[in-house]
Amino acid sequence: MELRQLEYFIAICEEMHFSRASEKLFTTQSNLSQQIKFLEKELGVPLFDRMGKRITLTDAGKVLLEQSNHVFSHIKYARDAIAEMKNIQGGTLTIGVLPGDADLLFNALLVEFHRTYPKLSLSVIETTEVTEQVIKGNIDIGVTTSSVHDDRIVQIPLFNEEFSLAVPVESSFANKRTVQLKDLQYMETVMFPSNHQCRKLVDKFCTELGFHLHPKIETTTISSLINMVQQGIGVSVLPKLLLENLDNKDIKIIKLTNPTPSQNICIVYRTEKYLGFAARAFIDTLNTYIETAINHAEVINDHTS
């Protein structure tokens with residue numbers, strides 16, 4: 001069994017068509033078919049069911065595909081590790097974040113990271129399927145909400161993100177220290193759209209209490225939400241850490257209770273992925289950034305309490 005044969009086999013599995021796979025591999029269809037026949041003869045089992053022009057994987061083919069992906073994943077790990085030895089502080093990194101988190105969390109962080117590691121190239125991609133994209137190998141590491149246990153990924157806890165109520169300082173609610181979440185149903189609100197991760201979380205908690213939000217305005221832009229709260233158009237439910245670090249004097253932050261909406265934020269990457277210098281540096285910088293933001297928020301709270 002040769003690596004070239006496994007490459008051919010994977011290409012056919014991706015295309016499910018011998019002709020398209022041969023074009024992709026820049027080889028002839030007859031050579032491709034011959035290599036697969038050699039592979040099937042060596043293994044003693046058919047890898048594909050052939051039904052006219054259509055092909056499907058046999059059970060043996062499915063096993064070989066899974067293991068072949070593992071083989072090439074380990075090869076890539078070795079290549080990445082060796083390549084890093086040649087250029088210890090260079091490299092590229094693709095980071096996946098939930099929609100809106102680039103605004104909520106990453107703007108200042110990316111600037112700081114670039115200044116510290118100017119040789120590294122970063123790409124930040126917003127997606128609602130951070131974990132899935134990490135598993136597929138489309139992104140190197142992701143920052144997302146904690147998910148169910150999966151042997152294919154490693155999860156590194158970052159922090160527990162609480163959500164608070166943002167109201168204008170002149171609001172009748174501004175003198176309150178806490179507001180019960182159920183009271184939100186009687187307020188005029190401005191919120192993220194219903195498909196935004198933050199909004200999904202808030203909606204989940206509201207639904208459990210038996211009501212639904214009907215915002216006056218919805219927008220994906222955090223600056224717009226903050227501005228509308230300042231203008232008294234409506235209140236909003238936003239991440240507490242974000243609000244505290246904005247330190248906006250025109251907005252009062254009120255704790256939501258019974259219950260307090262929250263979610264665990266973590267870093268995810270593939271179990272067998274080699275974490276190069278770029279990834280390790282980013283994870284360290286992100287942890288420090290979060291710790292600094294939490295400490296800054298505590299200082300602000302001490303001064304205002």
Side-chain angles (χ1 to χ4, degrees), residues 95-107 124-136 138-139 142-148 150 153 155 158-168 171 173 178-246 248 250-268:
I95 304 159
V97 299
L98 294 167
D101 277 2
D103 288 333
L104 296 178
L105 180 65
F106 279 85
N107 282 342
V124 178
I125 297 173
E126 290 193 344
T127 173
T128 57
E129 300 180 334
V130 173
T131 301
E132 291 83 352
Q133 293 301 316
V134 167
I135 291 172
K136 290 178 181 178
N138 295 334
I139 55 181
V143 180
T144 184
T145 56
S146 296
S147 58
V148 295
D150 190 321
I153 60 170
Q155 297 188 53
L158 269 178
F159 69 107
N160 179 262
E161 182 177 61
E162 285 191 7
F163 284 68
S164 295
L165 185 66
V167 305
S171 166
F173 294 101
T178 64
V179 168
Q180 294 193 53
L181 185 62
K182 67 179 182 180
D183 293 335
L184 199 61
Q185 62 187 303
Y186 307 115
M187 302 179 190
E188 293 184 336
T189 59
V190 292
M191 300 288 294
F192 287 118
S194 58
N195 63 348
H196 192 285
Q197 175 60 30
C198 291
R199 174 69 182 280
K200 286 181 180 179
L201 177 77
V202 176
D203 282 350
K204 171 181 174 291
F205 278 83
C206 292
T207 299
E208 290 174 355
L209 291 178
F211 71 94
H212 300 281
L213 292 178
H214 301 284
K216 294 182 67 177
I217 298 178
E218 295 180 346
T219 176
T220 59
T221 309
I222 184 65
S223 58
S224 296
L225 285 177
I226 295 298
N227 182 59
M228 285 186 283
V229 172
Q230 287 180 238
Q231 299 300 321
I233 295 173
V235 301
S236 190
V237 181
L238 294 167
K240 177 185 175 185
L241 189 60
L242 166 74
L243 291 170
E244 289 175 334
N245 278 273
L246 285 176
N248 190 311
D250 295 322
I251 289 178
K252 177 71 182 297
I253 306 169
I254 302 175
K255 182 177 179 64
L256 287 167
T257 62
N258 297 326
T260 301
S262 67
Q263 59 186 0
N264 291 318
I265 305 297
C266 66
I267 296 169
V268 295

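In what follows, residues are counted from 1 in the order of the sequence shown.
Scanning both residues, F163 and S262, for their nearest heavy atoms gives CD1-CA, 4.4 Å. Across all non-hydrogen atoms, the minimal contact from V134 to G142 is CG2-N, 3.8 Å.
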Q.
Is there a side-chain contact (heavy atoms from CB on, under 4.5 Å) between I253 and L165? Walk through the geometry before answering.
A. CA-CA 6 Å; I253 306 169; L165 185 66; over 6 Å; no
Q: Verify side-chain contact (heavy atoms from CB on, under 4.5 Å) between K204 and V202, making sure each step is shown before the conclusion.
A: CA-CA 5 Å; K204 171 181 174 291; V202 176; over 6 Å; no
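Proximity of I254 to F173: side-chain heavy atoms (C-beta onward) are separated by under 4.5 Å at one or more points. L98 has its side chain out of reach of E126: every pair of non-hydrogen atoms, C-beta onward, lies at least 4.5 Å apart. Counting heavy atoms from C-beta outward, V229 and I233 have side chains that stay 4.5 Å or more apart. The shortest side-chain heavy-atom distance between L238 and I226 falls under the 4.5 Å cut-off. Residues M191 and V237 meet the side-chain proximity criterion, which asks for heavy atoms closer than 4.5 Å. Inter-residue side-chain proximity for P259 and L209 is flagged as met; some heavy-atom pair is nearer than 4.5 Å. Within the 4.5 Å cutoff, the side chain of L256 has no heavy atoms near those of the S164 side chain. A heavy-atom distance below 4.5 Å is not found between the side chains of F205 and T260.
The salt bridge (charged side-chain N to carboxylate O under 4.0 Å, His left out) search around K200 returns none, not counting sequence neighbours. With sequence neighbours excluded, the residues satisfying side-chain contact (heavy atoms from CB on, under 4.5 Å) with E218 are P193, R199, P215. For D150, the salt bridge (charged side-chain N to carboxylate O under 4.0 Å, His left out) partners two or more places apart in sequence, or in a different chain, are R152. Remark: E129 pairs with no residue by the salt bridge (charged side-chain N to carboxylate O under 4.0 Å, His left out) rule, at least two apart or across chains. For N258, the side-chain contact (heavy atoms from CB on, under 4.5 Å) partners are Q180, not counting sequence neighbours. Taking E132 as the reference, nothing meets the salt bridge (charged side-chain N to carboxylate O under 4.0 Å, His left out) condition, with sequence neighbours excluded.
In this structure, the side chain of T178 does not engage the main chain of T257 through any donor-acceptor pair within 3.5 Å. A donor-acceptor pair under 3.5 Å links the side-chain atoms of T219 to the main chain of T221, judged by distance alone. Side-chain atoms of S171 never come within 3.5 Å of backbone atoms of V167 as a donor-acceptor pair (strictly under, hydrogens ignored). Between the D183 side chain and the V179 main chain, no donor and acceptor come within less than 3.5 Å of each other.
Of the inter-residue distances, the one linking I125 atom CD1 with Q133 atom CD reads 8.0 Å to the nearest 0.5 angstrom. Taking SG of C266 as the start and CG of N160 as the end, the distance is 12.0 Å to the nearest 0.5 Å. The distance from atom CD of Q197 to atom OG1 of T145, rounded to the nearest 0.5 Å, is 4.5 Å. To the nearest 0.5 Å, atom OG1 of residue T189 and atom CG of residue L184 are 6.0 Å apart.
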